[in-house]
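Quick notes on the structure that follows.
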Amino acid sequence: DTAVSQTPKYLVTQMGNDKSIKCEQNLGHDTMYWYKQDSKKFLKIMFSYNNKELIINETVPNRFSPKSPDKAHLNLHINSLELGDSAVYFCASSPRGGPNGYTFGSGTRLTVV
Amino acid sequence: KQEVTQIPAALSVPEGENLVLNCSFTDSAIYNLQWFRQDPGKGLTSLLLIQSSQREQTSGRLNASLDKSSGRSTLYIAASQPGDSATYLCAVGASGTYKYIFGTGTRLKVLA
């Protein structure tokens, strides 16, 4: 199936730990994104990579570090997790760079305890 | 700074009704606008994508319109069904950027 896939789907971890979320797309898209959906269901962009190059870096704590080994993969590493990091993190991709229509992954629900 | 608002925040209707969801944006210089559906605990499913040069797009019982000059888009759902119950999000593709700005969402419940 062509899709944007994220792993893991659920992640429960203790404060202070370091964790990673992985995202892969097989749509042949050039651009990938990380969005955060808070408890009020509001979606806000965090990062975007276009052909492995970082193009969007919103105001996000530097404990969050994206990595794109190739244009089909975009991972998110989070250091020293805090309670406020609990949210659903969505990966998305779009063709040809720019807002050309997103395809979203199913999300990773992160709970920090 | 682009801001996107959706009204109403929640809507409950009996099955079979036609309904309209509204999306407003403050900056008319948009690249396109995309409507999504989100089911509880799930990801976002793309419904319709309207380019800035288009006035509307249709898919099945869904019709989305775009009026850039007034900063508005509407999603029309015909003959609503309980399976349409979900949160509907509009997202504005900002010109000159690589990102979408999302609205606050409308939570729809269609009663059988």
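Lettering of chains follows the sequences in order, A, B, ..., and the numbering in each one begins at 1. Below, all heavy atoms of this structure are taken into account, side chains as well, without hydrogens, waters or symmetry copies.
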Audit row: B:Lys42, A:Phe104, side-chain contact (heavy atoms from CB on, under 4.5 Å) steps and yes/no: CA-CA 10 Å; B:Lys42 299 287 179 65; A:Phe104 275 85; over 6 Å; no
Max heavy-atom pair count under 4.5 Å with chain B, selected residue of A:Val88, A:Ile56, A:Ile45: A:Ile56
Inspect the surroundings of NZ in A:Lys71 and state if more than 12 heavy atoms from other residues, nucleotides or ligands are less than 6.0 Å away. yes
With hydrophobic residues grouped by side-chain heavy-atom distances under 4.5 Å, do B:Leu47 and B:Leu66 end up in a single group? yes
Identify whether A:Leu76 and A:Leu83 are in the same connected component of the hydrophobic contact network (ILVMFWY, side-chain heavy atoms under 4.5 Å). yes
Is there a side-chain contact (heavy atoms from CB on, under 4.5 Å) between A:Leu43 and B:Leu44 once you walk through the steps? CA-CA 11 Å; A:Leu43 272 157; B:Leu44 281 75; 3.6 Å; yes
Which residues in residues 71-93 of chain B have any heavy atom closer than 4.5 Å to a heavy atom of chain A? B:Leu89, B:Gly93
Write out, in numerical order, the residues from residues 11-20 of chain A with a heavy atom short of 4.5 Å from a heavy atom in chain B. none
For A:Glu53, look at atom CD and say whether over 12 heavy atoms of other residues, nucleotides or ligands are found less than 6.0 Å away. no
Is there a path of hydrophobic side-chain contacts, each under 4.5 Å between heavy atoms of I/L/V/M/F/W/Y residues, joining B:Val4 to B:Tyr31? no
Please confirm whether the backbone N or O of B:Tyr100 pairs with a side-chain atom of A:Tyr102, one donor and one acceptor, at under 3.5 Å? yes
4.5 Å side-chain heavy-atom contact, A:Lys41 and B:Arg107: no
Just how far is it from atom OG of A:Ser94 to atom NZ of B:Lys99, taken to the nearest 0.5 Å? 14.0 Å
Any idea which heavy atoms bring A:Phe90 and B:Gln38 closest together, and the distance? CZ-NE2, 3.4 Å
Heavy-atom nearest pair, B:Phe102 first then A:Phe42, reads O-CE1, 3.5 Å
Identify whether A:Leu74 and A:Ile55 are in the same connected component of the hydrophobic contact network (ILVMFWY, side-chain heavy atoms under 4.5 Å). no
Part of A:Gln6 lying under 4.5 Å from any heavy atom of chain B: neither
Side-chain heavy atoms under 4.5 angstrom apart, residues restricted to Ile, Leu, Val, Met, Phe, Trp, Tyr: same cluster for A:Phe64 and A:Tyr33? no
